[in-house]
**Student:** 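Take this structure first; my questions come after.
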Amino acid sequence: MVYFDNAATTFPKPDSVRAAVNAAVALYGGNPGRGGHDISVRAAQAVFSARQKAADFFGAEPENVVFTLNCTHALNFAIKGIVKRGEHIIISSLEHNASARPVYALARYGIKHSIAEVSADDNITLYNISRLITPETSAVVFTVGSNVTGQLTPYRRIGELCRRYGICFIADGAQGCGIADINIKRDNINFLCCAAHKGLYAVSGTGLLISDGKYKLSPIIEGGTGSMSMEPVQPDFLPDALESGTINTVGAISLSAGLEHIKDIGRENIYAYEDLLCRRLISALSDNDRVRIYRRKGASYLPIVLFNVDGYAPEETAAYLNEKGFALRAGLHCAPLGHRSIGTLPDGAVRFAPGIFNTADEAEQLADAVNELTGRRI
Amino acid sequence: MKSCTVAFSSITHASKAKFILEQYGLKVKMIRTPRTMASGCGYSIVAEAEPQFIASVLEGYGLNYRSISEAG
């Protein structure tokens, strides 16, 4: 089976990550921050090392790196922790439900939202955001890159716009982290939410919320933090304020190894290689008029190719490809907004998301299978 | 060599302090905060240096600590 669903989670994980997971279970089984014995302290040091690597990678301070279960948890912490009754949020037309649903849910507290259309032209996207800003706008929530089409947003320019208006910028880096060049200080990102199990190669159940330290979030979960235990209120400093309960030590240690893997290969090289695989697929399908590829002229993309085959529902295409030995995800990808923006509701489309372990031959074999489905012999 | 104990609210802050001070070539150990320094859960570091030096370095990095004292 050839795995082309790396936008859902990267698979396989690098050998170094697998080894780190083994070591985590064998050697770092203590509960970090919950005891003074050597086994607990050793685990805490390993977790701190992971925080430090993530901080270095994204231009943050280690204490501002919060471990979460996944990117959805990080987005919920950021969105629900920053806005207050009567305020207003702007989200993009490409948002995943991980951002959109928390925002919709806040309507019951009188928090309004607007949706800024993402254009292929960054200037128009910036204009679309700025015209929605009101005196009540307290946050802009924008994906770095769409999980549906892979389209990159002008996140740096959005960060600059938010800085100028004094608005908190929450970036959804679920797809972009590990691929796009992201530095929260340089890019004026106040909160970066990451799915560490995707482009950062950590195991499932590992997410990150990274703050630049400018804004304080009200916690949406309280509990034991291993600190200030006599106090009835949650600590107000990071990471403790947002890390109640035992953290995922195995996930943190796997993240350390994943970040080292990226460093060894080079983030830019990973992006270039996966983009090459996308271009191979696009090229091999380009003269098949029964295949529609959803890319806009002038836009930039993460390594994702979204397509549909004329005469087949997306799930039918994916089921056919599964039989042929290719794992691709079809449907709405938990992002109906993104599909609405390209006119693929209600059935969605098929997503090709290659990874660092795929080859150009595999991408071309997939194209052969798609061409075969359309009855076109090449 | 004199040593001092620095108490922190968070193990992450204590870990960061340990990392920074080790860059200065100091020998640093992490311990649970002695009850004579602070109540409740917490972590401290014991470093082989004058308290004034440690305080100066940590403040230079903007790292908050709860208390600092010369180790007995």
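We name chains A, B, ... by the order of the sequence lines, and we start the count at 1 in each one. Just so you know, these numbers use all the heavy atoms, side chains as well, and skip hydrogens, waters and symmetry mates.
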**Student:** Within a radius of less than 6.0 Å around NZ of A/K263, do more than 12 heavy atoms belonging to other residues, nucleotides or ligands occur?
**Tutor:**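 Check fails, neighbour count at 12 or below.
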
**Student:** Check whether any side-chain heavy atom of B/H13 sits under 4.5 Å from a side-chain heavy atom of A/F237, and report yes or no.
**Tutor:**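 Heavy-atom side-chain distance check passes, below 4.5 Å.
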
**Student:** How far does OG1 of B/T12 sit from CD of A/E61, to the nearest 0.5 angstrom?
**Tutor:**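 It is 12.5 Å, given to the nearest 0.5 Å.
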
**Student:** Contact part of A/E231 toward chain B, heavy-atom cut-off under 4.5 Å: side chain, backbone, both or neither?
**Tutor:**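 Neither part.
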
**Student:** What part of B/F8 gets within 4.5 angstrom of chain A, counting heavy atoms only: side chain, backbone, both, or neither?
**Tutor:**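 B/F8 has no heavy atom closer than 4.5 Å to chain A.
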
**Student:** Are B/R66 and A/M228 packed together at the side-chain level, in the sense that at least one heavy-atom pair is separated by less than 4.5 angstrom?
**Tutor:**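 Yes. Closest side-chain heavy atoms under 4.5 Å.
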
**Student:** Does atom CG (A/D38) have a neighbourhood of more than 12 heavy atoms from anything else shown, all under 6.0 Å?
**Tutor:**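 No, because the 6.0 Å sphere around CG of A/D38 holds 12 heavy atoms or fewer from other groups.
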
**Student:** For the atom pair CD1 (B/I11) and CD (A/E63), what is the distance rounded to the nearest 0.5 Å?
**Tutor:**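 The CD1 atom of B/I11 sits 14.0 Å away from the CD atom of A/E63.
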
**Student:** So which of A/M230, A/R34, A/Q45 has the largest heavy-atom pair count under 4.5 angstrom toward chain B?
**Tutor:**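 Of the candidates given, the most pairs with chain B belong to A/Q45.
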
**Student:** Work out which heavy atom in B/R32 is nearest to a heavy atom in A/G36; give both atom names and the distance.
**Tutor:**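 Result for this residue pair: CG-CA, 3.3 Å.
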
**Student:** For the backbone of A/G35 and the side chain of B/Y43, can you confirm whether one donor and one acceptor N or O come within less than 3.5 Å of each other?
**Tutor:**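 Checked: pair present.
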
**Student:** Considering only heavy atoms from C-beta outward, does the side chain of A/P235 approach that of B/S10 to under 4.5 Å?
**Tutor:**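 They are not in contact (no side-chain heavy atoms under 4.5 Å apart), so the answer is no.
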
**Student:** Where does A/S49 contact chain B at under 4.5 Å (heavy atoms): side chain, backbone, both or neither?
**Tutor:**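 Neither part; nothing is under 4.5 Å.
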
**Student:** Would you mind telling me which of A/A44, A/G226, A/P32 has the largest number of heavy-atom pairs within less than 4.5 Å of chain B?
**Tutor:**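 Maximum pair count with chain B is reached by A/G226.
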
**Student:** Within the supplied structure, the quantity of interest is the number of heavy atoms (other residues, nucleotides, ligands) at a distance under 6.0 Å from A/I39 CD1; does it exceed 12?
**Tutor:**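 Counting other residues, nucleotides and ligands, CD1 of A/I39 stays at 12 neighbours or fewer.
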
